[in-house]
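The structure appears below as structure tokens.
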There are 2 protein chains.
Amino acid sequence: MDGRLDSENADSESRTARRRLPPKERRAQIVDEAVRFFAEVGLEGNTRQLAKRLGVTQSLLFNYFATKDELLEAVYEKVYLDRLSPDWPDRLTDRTTPLRSRLLAFYTEYSGLIFERDWMRIFMSSGLAGAVLNRRYLMHLGDVILRPVLAETEALAKGETRPTMEDIWNLHGGIVYIGIRTHIYGMPEPEDPETVIAQSIDKYLLYFGIGPED
Amino acid sequence: MDGRLDSENADSESRTARRRLPPKERRAQIVDEAVRFFAEVGLEGNTRQLAKRLGVTQSLLFNYFATKDELLEAVYEKVYLDRLSPDWPDRLTDRTTPLRSRLLAFYTEYSGLIFERDWMRIFMSSGLAGAVLNRRYLMHLGDVILRPVLAETEALAKGETRPTMEDIWNLHGGIVYIGIRTHIYGMPEPEDPETVIAQSIDKYLLYFGIGPED
DNA sequence: CTTTTTATAGATCATGTGATCAACAAAAGT
DNA sequence: ACTTTTGTTGATCACATGATCTATAAAAAG
């Protein structure tokens, strides 16, 4: 009475009976699905539903994470990790290329990473919930990205008004808001985000009298 | 054994016994507190805790709202209502004053209304939850505020690049992001939001070749 | 003062949800 | 083959939470 017909029974998750996985693998699988799941339904999503999606029992989750909060921590970590590429600080301060090009390259790549439903929604949810990782991420972003950008701008600014961190946050916010609009508020995505980003950067640079070629 | 010493028994809410209020009044009281409550703890906050804050029984809430969702709808309505002053469209299109002054006036007033913890958090929570009122609000904002701003900018723009709705959204987003940063992500508020707003507007106008006095 | 109305409290139900634990079975070791 | 290890299940607990219902008492009506 086994009936191991490993046909795909149309269930998105394979309903094969009791597959044993190495812990590392299973844990990763759980976290992966949890990211998608909690991004969709919010952090209050229940563990039974998540388990069902994974094709495992709910109790199994607690074999890998002592509490739901611990699972959420793992989700945050997975989502936040490697979102800030370590070579950006260097590339942003590489004065052999015009600042405009550097900013454009950065925000093109960065927006490619964060203008994503899962990331945007989990970041916002965890922010609302007051997760420490959220604040840590923003502090880190300020330190390794925005502050260098400020220094680079200062070095080139021509007008009498000197740039401040608020100016960088304003540039940053205007761009990030595109993602918020589309993925949190569910509004239609701009046809050409690249152009919008480029114009944001140009407005910023123009205000401090910095030309496209420095 | 009454001991009605109306000393503060550390309970924030007065524990006066069974006060009978006219329905309208009670309903308003509930919604008011619910706004604060759900803004703090999120939309999953439970009704018992809310009732405790109000100093009434949990069952009373269901005398005024059939379901929790109905209460949340009332919360949204309360929060969204009158957040968009009806005379803004007129003032934004009043060409007897420079566009810069108009924008400055608008965003100073508007930010004064929305850079508020309750509003910001409930707006974001309801946005994440996909509330219809949220989308309606943004559509409305686009129609009665941003679109007119686009028209005004078009009328004055000097460069060859014509402004689009995306430019207005970018201006708007950069400013709104200040509130998101402070009230959702819990980062320190800028010392002088007015200046940041003014600079945002100036960057925007400068990019389209519009001077401070038109 | 007496009666009627109804806002409110208190107890309780039904269900959902995080978490636990003993038993089972799929691998790994011998 | 046999034993050991351990990933996984199924049943279950404990409690939180939305919602219901009846009794009570504060006003209003007479």
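A, B, ... follow the sequence lines: proteins, then strands. Residue 1 opens every chain.
By the side-chain hydrogen bond (donor to acceptor under 3.5 Å, both in side chains) test, A:Thr164 is found to be paired with A:Asp167, residues two or more places apart in sequence or in another chain being considered.
The nearest whole Å value for the distance from the CG atom in B:Leu50 to the C1' atom in D:dA16 is 16 Å. In this structure, the NZ atom of A:Lys52 is 12 Å from the P atom of C:dG16, given to the nearest Å. Counting to the nearest Å, the C1' atom of D:dT9 and the CD1 atom of A:Ile30 are 14 Å from each other. At whole-Å resolution of the value, CG in A:Leu72 and C1' in C:dT17 are 14 Å apart. The CD atom of B:Gln49 sits 12 Å away from the C1' atom of D:dT17 (whole-angstrom rounding). B:Asp69 has its CG atom 7 Å from the P atom of D:dA19, to the nearest Å.
In this model, a side-chain donor or acceptor of A:Arg20 finds a partner on the base of D:dT6 within 3.5 Å. For D:dT8, the base has no donor-acceptor partner in the side chain of A:Arg19 [N/O atoms by modelled type, under 3.5 angstrom]. At a cut-off of 3.5 angstrom, the base of D:dG18 holds at least one donor-acceptor pair with the side chain of B:Arg48.
Residues A:Glu109 and A:Arg91 are paired through a salt bridge, judged by an N-O separation under 4.0 Å between the basic side chain and the carboxylate. With salt bridges taken as basic N to acidic carboxylate O contacts below 4.0 Å, none links A:Glu189 and A:Arg181. A salt bridge links B:Arg53 with B:Glu40; the closest basic N to acidic carboxylate O contact falls under 4.0 Å. Remark: A:Arg162 does not engage A:Glu154 in a salt bridge, criterion side-chain N to carboxylate O under 4.0 Å.
Nucleic acid contact class of A:Pro23 (heavy atoms, under 4.0 Å, all strands): sugar-phosphate only.
Identified under the ring pair (Phe, Tyr, Trp, His ring centres under 6.0 Å) test for residues 20-73 of chain B, with sequence neighbours left out: none.
With hydrogens and angles ignored, the 3.5 Å screen pairs no side-chain donor or acceptor of B:Ser85 with any backbone N or O of B:Trp88.
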Symbol by symbol from the 5' end, with Watson-Crick or G-U pairs under 3.5 Å, [ ] crossing and | another strand, DNA chain D is ||||||||||||||||||||||||||||||
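To the nearest 0.5 Å, atom CD1 of residue B:Ile114 and atom CZ of residue B:Arg83 are 8.5 Å apart.
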Trace of the ring-ring contact (aromatic ring centres under 6.0 Å, His included) decision for A:Tyr76 with A:Tyr137:
CA-CA 10 Å; A:Tyr76 297 160; A:Tyr137 178 89; over 10 Å; no
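Contact annotation: A:Arg26 reaches the phosphate of D:dT8 (side-chain N/O to OP1 or OP2, under 4.0 Å).
Heavy-atom distances under 4.0 Å link DNA chain D to B:Gly45, B:Asn46 of residues 36-46 of chain B, given in residue order. For residues 57-68 of chain B, proximity to DNA chain C is found at B:Thr57, B:Ser59, B:Leu60, B:Asn63, B:Tyr64, defined as any non-hydrogen atom under 4.0 angstrom from a strand atom.
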Exercise answer: donor-acceptor pairs, residues 193-200 of chain A side-chain atoms, under 3.5 Å, sequence neighbours excluded:
{"unit_1": "A:Thr195", "atom_1": "OG1", "unit_2": "A:Asp192", "atom_2": "OD2", "d": "2.3"}
{"unit_1": "A:Ser200", "atom_1": "OG", "unit_2": "A:Val196", "atom_2": "O", "d": "3.0"}
{"unit_1": "A:Ser200", "atom_1": "OG", "unit_2": "B:Asn170", "atom_2": "OD1", "d": "3.4"}
{"unit_1": "A:Ser200", "atom_1": "OG", "unit_2": "B:Asn170", "atom_2": "ND2", "d": "2.9"}

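In this structure the side chain of A:Tyr207 reaches within 4.5 angstrom of the side chain of B:Asp202, judged on heavy atoms.
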